[in-house]
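Scroll down for the structure; my scribbles are underneath it.
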Amino acid sequence: MKLVEILLEIFGWLQIVAAVTIAAGIIALGIYLKWDNELGEIISVSMVSIGLVLGIVWATRIWIKYGTIAWLSRIKKIS
């Protein structure tokens, strides 16, 4: 039973990380389309990388403090 709980927490952790990374990726895509040159590419890649790191930090904090599945359940209950 403990293995299933850990796998579910990991799955929730991945969902949180993916959401933040995708949000940063959408913003980075807009920046890249606005500046279609080397500078735009560098800024876009940097923004996605920062989004990934922030997603990892945020998801880890949520996992430690609340548990990812409990946190995601509360979010789904609100919407």
Side-chain angles (χ1 to χ4, degrees):
M1 191 67 176
K2 188 75 169 170
L3 177 65
V4 174
E5 291 175 9
I6 291 174
L7 289 175
L8 287 174
E9 290 292 329
I10 291 171
F11 183 69
W13 186 86
L14 288 172
Q15 285 182 331
I16 296 168
V17 171
V20 176
T21 306
I22 289 171
I26 291 171
I27 295 169
L29 178 65
I31 290 171
Y32 180 72
L33 292 176
K34 176 76 174 164
W35 295 318
D36 191 14
N37 56 17
E38 190 174 319
L39 177 64
E41 187 175 326
I42 291 170
I43 292 172
S44 297
V45 170
S46 299
M47 184 161 284
V48 171
S49 300
I50 290 169
L52 178 64
V53 170
L54 288 177
I56 289 170
V57 169
W58 190 34
T60 304
R61 285 185 178 179
I62 289 171
W63 188 350
I64 292 169
K65 191 169 184 179
Y66 305 109
T68 57
I69 297 301
W71 190 80
L72 288 170
S73 296
R74 280 199 337 237
I75 297 297
K76 289 180 182 179
K77 193 183 291 185
I78 292 171
S79 57

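The first residue of the sequence shown is numbered 1, and numbering continues consecutively from there.
Distance check, rounded to the nearest 0.5 Å: CD1 of I16 to CD1 of I75 gives 8.5 Å. The distance from atom CD1 of I31 to atom CG of D36, rounded to the nearest 0.5 Å, is 13.5 Å. Taken from CH2 in W71 to CZ in R61, the straight-line distance is 13.5 Å, to the nearest 0.5 Å.
Taking hydrophobic clusters as Ile, Leu, Val, Met, Phe, Trp and Tyr residues chained together by side-chain heavy-atom distances below 4.5 Å, I50 does not share a cluster with I27. V4 and I69 fall within a single hydrophobic cluster, where Ile, Leu, Val, Met, Phe, Trp and Tyr side chains are chained together by heavy-atom contacts under 4.5 Å. The cluster map of Ile, Leu, Val, Met, Phe, Trp and Tyr, joined by side-chain heavy atoms under 4.5 Å apart, puts Y66 and L72 in the same cluster.
Scanning all heavy atoms of the two residues, the minimum distance from S44 to A28 falls at OG-O, 2.9 Å. When all heavy atoms of G51 and A24 are compared, the pair lying nearest together is CA-CB, 3.8 Å. The shortest non-hydrogen separation linking V48 to G25 is CG2-CA, 3.8 Å. V17 approaches T21 most closely through the heavy-atom pair O-OG1, 2.8 Å.
You'll find the side chain of S49 stays beyond 4.5 Å of the side chain of V53, heavy atoms only. Residues W63 and I10 meet the side-chain proximity criterion, which asks for heavy atoms closer than 4.5 Å.
Within a 6.0 Å sphere centred on CH2 of W58, other residues, nucleotides and ligands contribute 12 heavy atoms or fewer.
In terms of modelled atom types and a separation under 3.5 Å, the side chain of T68 and the main chain of E9 share a donor-acceptor contact.
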(message) Evaluate W13 against I56 for side-chain contact (heavy atoms from CB on, under 4.5 Å), listing each step before the verdict.
(response) CA-CA 8 Å; W13 186 86; I56 289 170; 3.9 Å; yes
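Under the side chain to side chain contact (heavy atoms under 4.5 Å, CB included) criterion, N37 pairs with W35, L39, not counting sequence neighbours.
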